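For reference, the structure discussed in these notes is given below.
Worth knowing before you read on, the calculation uses all heavy atoms, side chains too, and leaves out hydrogens, waters and symmetry mates. Since the model is a prediction, treat every value here as computed from it, not as a measurement. Convention: sequence-line order gives letters A, B, ...; per-chain numbering from 1.
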There are 2 protein chains.
Amino acid sequence: MPSESDFDLQQFLPYLLNQAAEQASLGFQTLYKTRYGMLRTEWRVLFHLGRYGEMTAKALCDRGRLHKTKVSRAVAKLEGRRFLQRRTVPQDRRAEVLALTAAGRAAYADLHAQAQVFDRQLTAGLSPAQDQALRQALVILAKL
Amino acid sequence: MPSESDFDLQQFLPYLLNQAAEQASLGFQTLYKTRYGMLRTEWRVLFHLGRYGEMTAKALCDRGRLHKTKVSRAVAKLEGRRFLQRRTVPQDRRAEVLALTAAGRAAYADLHAQAQVFDRQLTAGLSPAQDQALRQALVILAKL
DNA sequence: TATTGTTATACTCTATAACTATA
DNA sequence: TATAGTTATAGAGTATAACAATA
């Protein structure tokens with residue numbers, strides 16, 4: 001049909017983004033899932049605490065663009081697995097400071113290294129210019 | 001920490017892709033959801049039937065990279081809302097050919113047009129070269 | 001035996017409301 | 001009144017196994 005545009009689902013950006021994100025997530029999630037039994041939010045919480053040091057759940061929410069209910073559950077699970085500890089602070093007894101344990105730091109170091117390897121593998125099929133253009137565009141689209 | 005790399009979640013491709021995909025999906029899903037009460041798979045099934053004409057569920061699975069259980073449920077719902085009809089074919093009585101009704105074609109025409117508008121709005125903040133580079137890279141990452 | 005399609009089930013992810021305890 | 005965090009619940013997305021009907 002020449003009068004109809006050639007618009008195709010595979011050119012529709014939300015579809016393309018979704019398919020690419022799914023492919024990328026599937027690969028990496030097996031790492032934190034099989035090695036440490038973590039879900040996505042738990043990996044993100046572990047990452048932020050490992051990368052930026054101890055902080056409250058509120059700070060985690062702000063830094064990680066995570067809702068407080070997600071953080072609350074992820075923290076409880078990471079605590080249960082001895083990857084982090086809570087510490088109350090006298091200044092404000094509503095909040096608790098979250099810090100990784102030695103086991104948590106080890107898991108972070110492992111996953112952090114794996115993430116870098118994985119990231120490089122993902123973009124192995126792209127030229128450096130393509131890689132850079134991709135990330136720039138994604139930052140804009142993600143409104144980061 | 002200078003000895004530690006600057007690797008950041010916001011530079012991690014699976015994270016970037018996920019955030020961008022989420023932003024993009026949220027915008028468009030309100031269209032097919034509020035206008036037609038559709039879920040994602042239903043919109044995709046409607047799209048393929050509208051774009052490529054009638055076909056069996058099996059063909060839909062192959063074209064749309066959808067699992068047969070998703071298609072089965074989406075087809076049942078679209079049928080219930082009178083957006084498509086089934087037709088048995090004598091050659092193979094296991095399969096049914098799916099075809100949009102007039103209402104289905106109207107919904108497709110509307111959403112198809114809206115999708116093009118939405119796609120252009122999404123990439124309004126990107127240069128044509130950025131846009132092209134983005135789509136090329138996503139096709140590779142999505143393994144399309 | 002293999003294929004088309006359906007149903008059941010479970011897990012993950014997201015979103016929101018309601019609640020507590022502190023401030 | 002507002003804030004930090006928890007619990008409950010529902011909707012949506014994903015994945016797999018088991019099944020019926022037909023080839």
Side chain proximity check, B/Leu134 to A/Leu138, heavy atoms < 4.5 angstrom: yes
As a test of reading the structure: which of D/dT7, D/dA4, C/dT7 is closest to the side chain of A/Ala95, going by heavy atoms? D/dA4
Whole angstrom is fine here: how far is it from NZ in A/Lys70 over to P in C/dT12? 15 Å
Selection: residues 10-34 of chain B, any non-hydrogen atom under 4.0 Å of DNA chain D: B/Lys33
Using atom NZ of A/Lys58 as one end and atom P of D/dT6 as the other, report the distance to the nearest whole Å. 14 Å
Do the charged groups of A/Arg87 and A/Glu54 touch, with an N to O distance under 4.0 Å? yes
Do you know which of B/Arg105, B/Arg63, B/Met55 makes side chain to side chain contact (heavy atoms under 4.5 Å, CB included) with B/Leu49? B/Met55
Check the distance between C/dA15's C1' and A/Leu66's CG and give it to me in whole angstrom. 14 Å
Taking everything shown except A/Gln132 itself, do over 12 heavy atoms lie less than 6.0 Å from its CD? no
Protein-nucleotide distance (A/Glu96, atom CD; D/dT3, atom C1'), rounded to Å: 15 Å
Does anything in residues 36-44 of chain A reach DNA chain C, meaning a heavy atom under 4.0 Å, and if so which residues? A/Leu39, A/Arg40
Summarise how protein sits on nucleotides 16-23 of chain D as a single string, 5' to 3': B when a protein heavy atom is under 4.0 Å from the base, S for sugar-phosphate-only contact, - for no contact. BB---BBS
Salt bridge between A/Asp92 and A/Lys58, side-chain N to carboxylate O under 4.0 Å? no
Can you classify the ring geometry of B/Trp43 versus B/Tyr32 as parallel (below 30°), tilted (30 to 60°) or perpendicular (above 60°)? parallel
Side chain to side chain, A/Arg65 and B/Tyr15, heavy atoms closer than 4.5 Å: yes
Is the shortest heavy-atom distance from the side chain of A/Arg44 to the side chain of A/Leu66 under 4.5 Å? yes
Joint hydrophobic cluster, B/Leu141 plus A/Phe118, side-chain heavy atoms closer than 4.5 Å: yes
Side chains of A/Gln11 and B/Asp119: does their closest heavy-atom pair fall under 4.5 Å? no
Once the angle between the rings of A/His112 and A/Phe47 is folded into 0 to 90°, is it parallel (under 30°), tilted (30 to 60°) or perpendicular (over 60°)? parallel
Expressed in angstrom and rounded to an integer, what is the separation of B/Leu78 atom CG from C/dG5 atom P? 15 Å
